[in-house]
Amino acid sequence: DTGVSQNPRHKITKRGQNVTFRCDPISEHNRLYWYRQTLGQGPEFLTYFQNEAQLEKSRLLSDRFSAERPKGSFSTLEIQRTEQGDSAMYLCASSLRGSTYNEQFFGPGTRLTVL
Amino acid sequence: AQSVTQLGSHVSVSEGALVLLRCNYSSSVPPYLFWYVQYPNQGLQLLLKYTSAATLVKGINGFEAEFKKSETSFHLTKPSAHMSDAAEYFCAVSDGAGTSYGKLTFGQGTILTVHP
């Protein structure tokens, strides 16, 4: 399978715990995006990587959130001291720099439930 | 800043009927426009994209969309609905890979229900 993969697919945690999600983009894609989707809403942009550099972060990404892409391949998104408001679907997408339309390919998402 | 408005959070049609999902956008630069479909508990799949070539864009599964600059619209249509089209549809806008690094701004989504 050469698509975008995300793990875990589902995560249930208690408020105050830390969680980490992983995204593996399509292998030749050097751009990687994280989005958050809450119930009944469209996805909202969180952050963007070009290779290993994090070039943009949304105001939605509070200081409890941190994202990395250490070798320009896979990426992790960590949420510290989770809150019930963090419950959402976290989507990862990748694209190829230099592609004309920057078409983004999405993974299946990680659904986070904070109890 | 870019924004997308999808008119109608729920649309219900009969199988075989016309599907029309509405999308209006706002963009300060020539936009790239996309329609994505999302099935329950899955990620987003690209249906079609507008990138300043033809204003009528054909996508997968028989869907098409027409870019109308004067109306700032990019409505999605399908002549004959199928039961398998039942899903949530999102319209999105991007400036390509410009100052916003090509990030997508999505509408709130429209849930399409298809009745037998």
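Below, read A as the first sequence line, B as the second, and so on, with proteins coming before strands; counting in each chain starts at 1.
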Return yes when atom [atom1] of [X] has more than 12 non-hydrogen atoms of other residues, nucleotides or ligands closer than 6.0 Å, and no otherwise.
{"X": "A:Glu68", "atom1": "CD", "result": "no"}
{"X": "A:Arg64", "atom1": "CZ", "result": "yes"}
{"X": "B:Leu56", "atom1": "CG", "result": "yes"}

If I measure from the heavy atoms of chain A, does [X] come under 4.5 Å with its side chain, its backbone, both, or neither?
{"X": "B:Gln108", "result": "both"}
{"X": "B:Leu104", "result": "both"}
{"X": "B:Gln6", "result": "neither"}

Side-chain touch B:Phe90/A:Gln37, heavy atoms, less than 4.5 angstrom: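 Touching, per the 4.5 Å side-chain cut-off.
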
Cluster link [X] to [Y], ILVMFWY, side chain under 4.5 Å:
{"X": "B:Tyr32", "Y": "A:Tyr33", "answer": "yes"}
{"X": "B:Leu47", "Y": "B:Phe67", "answer": "yes"}
{"X": "B:Leu33", "Y": "B:Ile60", "answer": "yes"}
{"X": "B:Phe34", "Y": "A:Leu91", "answer": "yes"}
{"X": "B:Leu48", "Y": "B:Tyr36", "answer": "no"}

Check: A:Gln104 side chain, B:Gly102 main-chain N or O, donor-acceptor pair, under 3.5 Å: yes

Chain B contacts, top residue of A:Gly109, A:Gly42, A:Pro43, A:Pro108 (heavy-atom pairs, under 4.5 Å):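 Ranked by contacts with chain B, first place is A:Pro43.
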
Between A:Phe45 and B:Phe106, ring centroids under 6.0 Å: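 Aromatic pair excluded; centres sit 6.0 Å or further apart.
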
Chain A interface, residue from B:Gln38, B:Gln45, B:Glu88 that has the most non-hydrogen pairs under 4.5 Å: B:Gln38

Which atoms of A:Leu55 approach chain B - backbone, side chain, both or neither, heavy atom under 4.5 Å: both

Under 4.5 Å from a heavy atom of chain B, the part of A:Phe105 involved: neither

Straight-line distance of B:Lys103 NZ to A:Arg31 CZ, nearest 0.5 Å: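 The distance works out to 13.5 Å.
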
Straight-line distance of B:Ser9 OG to A:Gln41 CD, nearest 0.5 Å: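 Reported value, rounded in 0.5 Å steps: 10.5 Å.
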
